[in-house]
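In what follows, a single structure is set out as structure tokens and then discussed.
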Amino acid sequence: MLEEVERWLNARSWSAGDRPLQRLLAAKHATGQSVSVVLPALDEEATVGGIVAVIRRELMERAPLIDEIVVVDSGSSDRTSQVAAAAGARVVHRDAILPRIPAVPGKGEVLWRSLLVTGGDIVCFVDADLRAFSPDFVSGIVGPLLTDPDVHLVKAMYDRPLTVSDGPAAGRTAPGEGGRVTELVARPLLNLHWPRLAGFVQPLGGEYAARRSLLERLPFPVGYGVELGMLVDSLHLVGLDALAQVDVGVRVHRHQDGRALGRMAAAIYRTAQLRLARGHLVRPTLTQFERGADGFEPRTYAVDTEERPPMAEIAEYAARRVA
């Protein structure tokens with residue numbers, strides 16, 4: 001590991017308990033910064049309501065740390081929107097944001113559009129599939145941004161146990177075995193090509209907070225590459241010392257199957273490849289195999305090849321800021 005990264009780990013890695021809630025409230029009052037929480041959601045009715053309820057109860061009603069909770073629904077077929085609204089979130093549908101640009105499927109697309117429907121100086125993103133949710137996932141990563149003006153982006157770090165789905169160990173959890181795409185794809189890419197980012201424990205984690213002034217200058221890969229792209233681009237824009245991470249404990253969530261992870265890995269590799277060479281994939285597709293009645297059958301999927309420009313370049317966003 002680079003000496004610079006070792007120094008960064010000591011200076012820019014914290015625990016959620018390092019900044020008590022009262023200290024954060026005092027910093028928020030002193031600086032006048034507002035905080036938005038965004039939950040990108042697709043068919044998450046089982047978990048989104050509980051997350052919203054905890055944030056509203058603990059960080060809005062008991063302690064006024066958060067100014068707004070926005071759930072951006074990207075086309076759910078279940079009751080995600082109704083459950084989120086009933087729990088106290090403002091729900092906005094992806095397709096209703098910036099309708100002149102047709103929406104495409106993908107998490108990054110939702111995060112990019114959320115900048116147009118939130119007002120916080122600090123924007124905190126939280127995945128909507130978390131179970132046993134703790135308010136530390138929000139207060140922990142927002143804390144350094146409220147208390148240290150030199151910090152611009154904070155990632156959550158945590159343990160990710162993997163629940164075994166079959167075999168004699170079915171139902172048991174394997175500590176530290178979650179985050180398979182991180183270990184097999186993202187971490188090798190970062191260590192080899194962007195070694196200054198090698199200190200991030202969860203580079204692909206969906207829980208992170210950043211200053212709007214940074215987010216509006218970043219391009220957003222529309223799909224699963226958004227987290228890796230954001231880290232790499234932030235490093236170039238604001239430097240390593242402006243990035244940080246906070247330990248928030250344990251993250252329990254729904255795990256994807258191997259084929260979905262393969263598609264995620266392809267999108268992440270594409271995001272890295274584009275940033276390495278600003279070139280083009282020869283063939284931006286991924287073929288996977290499933291056993292059918294007549295043996296293994298190929299299934300081919302398109303790899304995300306689109307990115308949204310920095311929000312600061314969008315006329316509607318600029319007009320909103322002037323207004």
Side-chain angles (χ1 to χ4, degrees), residues 1-14 106-108 111-112 123 125 127 141 144-145 148 150-158 160 176 178-211 213-247 251 261-282 284 286 303-311:
M1 184 176 288
L2 298 175
E3 289 185 10
E4 179 186 7
V5 177
E6 292 182 355
R7 290 194 298 270
W8 176 85
L9 279 169
N10 290 326
R12 287 290 189 253
S13 294
W14 298 294
K107 179 183 179 183
L111 301 184
W112 181 71
V123 183
F125 299 117
D127 281 350
I141 57 178
L145 295 163
D148 189 337
D150 294 327
V151 174
H152 289 256
L153 183 146
V154 182
K155 296 279 293 189
M157 56 177 168
Y158 34 66
R160 292 184 67 180
R180 290 161 286 174
V181 175
T182 292
E183 299 304 329
L184 296 175
V185 181
R187 201 177 306 285
L189 282 171
L190 292 176
N191 276 264
L192 290 170
H193 299 296
W194 296 282
R196 296 171 71 201
L197 296 174
F200 278 94
V201 175
Q202 297 292 351
L204 300 185
E207 289 68 48
Y208 47 98
R211 299 192 188 281
S213 57
L214 171 62
L215 293 172
E216 65 188 14
R217 292 188 288 154
L218 296 175
F220 276 62
V222 298
Y224 286 123
V226 63
E227 276 84 20
L228 184 132
M230 190 175 294
L231 265 187
V232 171
D233 294 339
S234 295
L235 175 67
H236 291 307
L237 270 177
V238 296
L240 181 60
D241 284 341
L243 313 180
Q245 59 185 350
V246 172
D247 187 350
R251 185 185 198 269
L261 294 178
R263 298 190 290 275
M264 183 185 300
I268 289 165
Y269 179 79
R270 175 262 168 191
T271 301
Q273 183 260 357
L274 184 63
R275 278 153 179 77
L276 285 169
R278 291 295 165 183
H280 301 281
L281 287 177
V282 175
L286 174 72
V303 175
D304 296 324
T305 58
E306 188 170 357
E307 294 195 4
R308 295 305 190 189
M311 186 58 78

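Computed from heavy atoms alone, side chains included, the values below leave out hydrogens, waters and symmetry copies.
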Original post:
Are Arg270 and Glu306 close enough for a salt bridge, meaning some N to O gap below 4.0 Å?
Top reply: no
Original post:
What heavy-atom pair brings Asn191 and Ala198 nearest, and what distance separates the two atoms?
Top reply: OD1-CB, 3.4 Å
Subject >> Beyond-backbone contact of Leu111 with Val123, side-chain heavy atoms, under 4.5 angstrom >> reply: no
Original post:
Where is the tightest heavy-atom contact between Leu153 and Ser234, given as atom of each residue plus distance?
Top reply: CD1-OG, 3.8 Å
Original post:
For Leu214 and His152, which heavy atoms make the closest approach, and how far apart are they?
Top reply: CD2-O, 3.9 Å
Original post:
What pair of heavy atoms forms the shortest contact from Arg275 to Pro221, and how long is it?
Top reply: NH2-CG, 3.8 Å
Original post:
Which distance, rounded to the nearest 0.5 Å, do you find between the CZ of Phe220 and the NZ of Lys107?
Top reply: 11.0 Å
Subject >> Shortest non-hydrogen separation from Val154 to Leu145 and the atoms involved >> reply: CG2-CG, 3.9 Å
Original post:
Should Met157 and Val246 count as side-chain neighbours, where that means a heavy-atom distance under 4.5 Å?
Top reply: no
Subject >> Straight-line distance of Asp247 CG to Gln202 CD, nearest 0.5 Å >> reply: 10.0 Å
**OP:** Could you tell me whether Arg12 and Asp148 have a side-chain N and a carboxylate O separated by less than 4.0 Å?
**Re:** yes
**OP:** Given salt bridge (Lys or Arg N to Asp or Glu O under 4.0 Å), test Glu207 with Arg251 step by step and report yes or no.
**Re:** CA-CA 10 Å; Glu207 289 68 48; Arg251 185 185 198 269; 2.7 Å; yes
**OP:** Taking the side chain as every heavy atom from C-beta outward, state whether Leu197 and Pro203 have any atom pair closer than 4.5 Å.
**Re:** no
**OP:** Nearest 0.5 Å please: distance from the CG atom of Leu231 over to the CG atom of Leu204.
**Re:** 8.5 Å
Original post:
How far apart are the closest heavy atoms of Ala265 and Val181, and which atoms are they?
Top reply: CA-CG1, 4.1 Å
Subject >> Centroid separation Trp194 to Phe200 less than 6.0 Å >> reply: no
Original post:
Have Gln245 and Tyr208 got a donor and an acceptor in their side chains that come within less than 3.5 Å?
Top reply: no
Subject >> From Leu184 atom CG to Leu189 atom CG, the distance as rounded to the nearest 0.5 Å >> reply: 11.0 Å
Subject >> Trp112 side, atom CH2; Glu216 side, atom CD - distance, nearest 0.5 Å >> reply: 13.0 Å
